Structures are given as C-alpha cells and as structure tokens.
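What follows is a short report on a single structure.
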Amino acid sequence: MLVSKKNAKANVWALLAMVLSVLVIANDFTAFSVALPMMNEQLHTGIDKTQWVINGYTLMFGVFIVTGGRLADRIGRRKTLIFGLVIFAFFSVLAGLVNSIYGVIICRILMGIGGALIWPSVIGIVFSVFPVSKAGIAGALVLGTAGFGNAMGPLLGGGLTDTWGWRWIFFINLPIAIIVYLLVCINIENDNPVDQKESIDYVGVSTLSISLLSLLLVLDLGISVGWKNPFILSLFVIFLVALFCFVLIERRGGESALIPPDIIHNVSFLLAGLATLMTSAVFFTVLVYLPLFFTKVMQYSAMESGIGLLPIMLTFALSSFFAGAFYEKLGAKWITSIGTGSLVLGMFLLSHLTMYTSYTSMLTGMIVLGLGVGFFYSTITTVALTSVSETRASLAGGIIYMLLNVGGAIGLAVNTVIVAQYESLSEGMNMAFSLNAILSFLGLLICLLWIGNKSNIEKS
C-alpha cells in the first residue's frame, strides 16, 4: 500500500492528488483542439504542422508510457510520479514562452515524456488503494476523472484562447503541478519497487520510438513532398527496419524486455490491447476535426468550439464513472461491446457532414460517441489490469495507453492524409470518419467474441 495505512485522511488526500494528476494530463490532450486555428494564425503555419501539437504529445506519451510503467515498478511509483510532474511542469512553462511552432512541438513532445511517467504511476497507486473486488470502481475513478479532464479541456482551452491567449493553456499547468507535488510529498509514502532486478529496455524503447516516429513523418510529409520522394521512401525503410529490430530485441529480451513474455503470452491482455488499437483513432480524430469543422465551416470562435464539444465530453465523463458500477453487475463483455458499438454508430452518424449541416443535427452522433468512449476505455482498462498480476499493474496500464495513444496518433495522421485528398473539409471528414467506423466495428467483434465477463486470473 502506497498511502498511509494508519491515516484515512491521508488516503483521501492521496486520491485527490491522483485525481488532479489525471485531470492535468487529460486536460492537455483536449485543450489545444480548439486553439489550433488561432495557433495557425499567430505562428503563421497550417494544420499539417499544428496537428503535431497534439500528435507529438500523444506519440511520446504513448511510446514512453511503457517505460514509465517499468520505472514505476522498478524505482517506485511515488518517485516516478514526482519526476514526471517536474518534467511536465517545466516544459509546459517553456512551451508557453517560445515563439516558434517547432519550439512548441518540441516542448509538447517532452511534456509527453512527463505525462508518460505520471500516468502509470497514478494507475498503480489508485489500484493499490482499492481491493481486487473493487477493480471496476478503481478503473472508473481513473477514466471518469480523465473524461472530466477531457471535457474541461476544450472549454478551458477555448476560454483562455479567446481571453488571455493559447499560451495560458500551458502556464496553468504549473500551479496544478505544484499542488499535486505537495499533496504527494505529504500524504504518500515511499513504496518498495517490485522488480529491482529487471533492467529497463532502453534499446527496445529507442527502436520502437524511431519506428513510430518515422511512420508518422511519412504520413505527415508524404502529402506535401510526394509518396515516391526518396526522403519519404527512406523514412519508410527506417520504419520497417526499426520495427523489425524492435521485434527481434523483444524476443531476446526475456523478463527485461519492454514488453515481457508473461504479458506477450497473456491472451486476455492481448485481446484487450487489440480492441483498444482498433478504436484508438476515433477520439483523437474527433478532437482535431470537429473543432476545425466548427471553426472553418460554422464560423465558431474557439470558446464556442469548446462548448460545441460538450455533448461528447460530458457524456464521456459521466459514462466513465457509471461504467464501474455496470462492470460489477454485467461484466466486461457487455460493457465493452456496448462501448464499441456506440463508437461505430457515433462515427457513422457523424460521417454525413456538409457545409449546410446544423449543430442540432450532429447532437445525436456526438452523444452516442461520447457514450462509447466512456464505456469502452474505462472498462477495457480494467480488463487489461485485472488480467495480469498486481506487480505488473503499472506496466499493463502503460501498454494499454501506449496502444491507445500511439494508435491514436497514427490514426490521426492517416485521417489527415484522407482529408487532404478532398477539396471540401466535410467530404474529407466523412471519408475519414467512415474508416474509423469500420475499424471500431472490428473492435466490436473482438469484444463480442473474446472479451470475457470476469478477470481471467486472480491476483496474488
């Protein structure tokens, strides 16, 4: 137990610190979705570059979150959390001070590393507080809080962008990080690492990072310079070679591999990860392109675009909290199936946009989509963490969010390629959203056929 066994009040303050940690990370995923048009204007760039403000953070968060899980299990969750807070806060302030889009992107990438250290530490701490029988509640607390943070993001980002400017989206992270740091230092005890003998697979992290970054650069730059350009072809070769090296390294890494054998051979965990990967593009694509549609087609301000996303975000937050109770009563299969089914339907309903589409006609699709995001991501996290031993909780949480965020970053890049092929923004979005619906349907099949109703192993 990381929090104080003797002081119940300390436990409450510790959970508050975890909630604030999740809020600040989740807020940063969505706050910039409504600020991108203003950043385009002030930094004299286009969506192909500013999308990296979201994509760079998402990619690095996704790639390093497994390393964050490893570090949390090896050196302690409390230490890893504090280290992540320092990195996150420092580069947040720096990002708000630079005047170049490339400087902002670099800072966002480094913020992603900080977030990747914070998230698995938070998951490990929260799941250590609740007994195994209440795992669904623990998952709902984390994902429900994340949903609320995502819901706050567009509102906070839009409000700050329209008043003080988008830079304050970065600056506001500093006081929150300081509060969390103080709460953690006072109320959370140092924990004993569970796998000190296992080393960190830095070579695996490096090859995976190079592979995924090369693929994203291919998707991003291929539109402007041409898919047959020697530089693009070279990047694609680097992607394939680095991916092959990563697989080879992992097979030989044993217990010290980035993804160890007991995780790789855990069928229940792999199915949960595959279902997550199939649906990962949905949320990130919606966060970028719906605000863009609101701004470019409907002529909304940044604040109005943030308000426009509320049906998705609030439904996401509420359904995440309720998913825990439903998980205890109905089991994972039905909740994940309802979630992925809602993702399919929501994407389908939003894939019929035109320049004459009204906001009210989009409401049903957004509400259904938010319901799917909340039910699925909350429950699939619980499925993944309860399918492994308690000593692997931080690592398992890291891998699931690696799949979610890396898949989301790649999915967003693919969607951008699709949208760029059309003269009309609405036509491009319709095709991209249709692809997302098909991928989500594959996730639905996985949930219906293979995701079990109960945990597949008992924690020791």
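Computed from a predicted structure; not experimentally measured.
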Exercise. Is there a donor-acceptor pair under 3.5 Å between the side chain of Ser211 and the backbone N or O of Phe239?
Worked result: yes
Problem set entry | Exam field: side chain Ser337 to backbone Trp334, donor-acceptor pair closer than 3.5 Å | no
For this session: For Trp164, look at atom CH2 and say whether over 12 heavy atoms of other residues, nucleotides or ligands are found less than 6.0 Å away.
Result: no
Exercise. Is the ring centre of Phe316 less than 6.0 Å from the ring centre of Phe376?
Worked result: no
Problem set entry | Parallel, tilted or perpendicular: ring planes of Phe375 versus Phe326, cut at 30 and 60 degrees | tilted
For this session: Count the heavy atoms of every other residue, nucleotide or ligand shown that sit under 6.0 Å from CZ of Phe171, and state whether that count exceeds 12.
Result: yes
Exercise. Name the one of Leu277, Leu212, Ile65 that satisfies side-chain contact (heavy atoms from CB on, under 4.5 Å) with Met402?
Worked result: Ile65
For this session: Assess the side chains of Thr279 and Ser440: does a donor N or O sit below 3.5 Å from an acceptor N or O?
Result: no
For this session: Look at the side chain of Asn173 and the backbone N and O of Ala89, then say whether any donor-acceptor pair between them is shorter than 3.5 Å.
Result: no
Problem set entry | Sub-4.5 Å side-chain heavy-atom contact between Trp166 and Leu43 | yes
Problem set entry | Pair Ser351, Asn430: side-chain N/O donor-acceptor within cut-off below 3.5 Å | no
Exercise. Considering residues, nucleotides and ligands other than Tyr359, do more than 12 of their heavy atoms fall under 6.0 Å from its OH?
Worked result: yes
For this session: Ignoring hydrogens and angles, tell me if any N or O in the side chain of Asn266 forms a donor-acceptor pair with the backbone of Ser387 under 3.5 Å.
Result: yes
For this session: Would you check if the side chain of Lys296 reaches a backbone N or O of Leu425 as a donor-acceptor pair within less than 3.5 Å?
Result: no
Exercise. Between Asn27 and Leu23, is there a donor-acceptor pair closer than 3.5 Å when you use the side chain of the first and the backbone of the second?
Worked result: no
Exercise. Between Thr416 and Tyr289, does any side-chain donor sit less than 3.5 Å from a side-chain acceptor?
Worked result: yes
For this session: Say whether, by atom type as modelled, one donor and one acceptor occur between the side chain of Arg167 and the main chain of Gly96 under 3.5 angstrom.
Result: yes
For this session: Spell out, as yes or no, whether a donor-acceptor pair under 3.5 Å connects the side chain of Arg108 to the backbone of Val53.
Result: yes
Problem set entry | Exam field: side chain Thr357 to backbone Leu353, donor-acceptor pair closer than 3.5 Å | no
Problem set entry | Backbone N/O of Val417 and side chain of Gln421: donor-acceptor pair under 3.5 Å | yes
Exercise. Going from OH on Tyr57 to CD1 on Ile113, what distance comes out if it is rounded to the nearest 0.5 angstrom?
Worked result: 11.5 Å
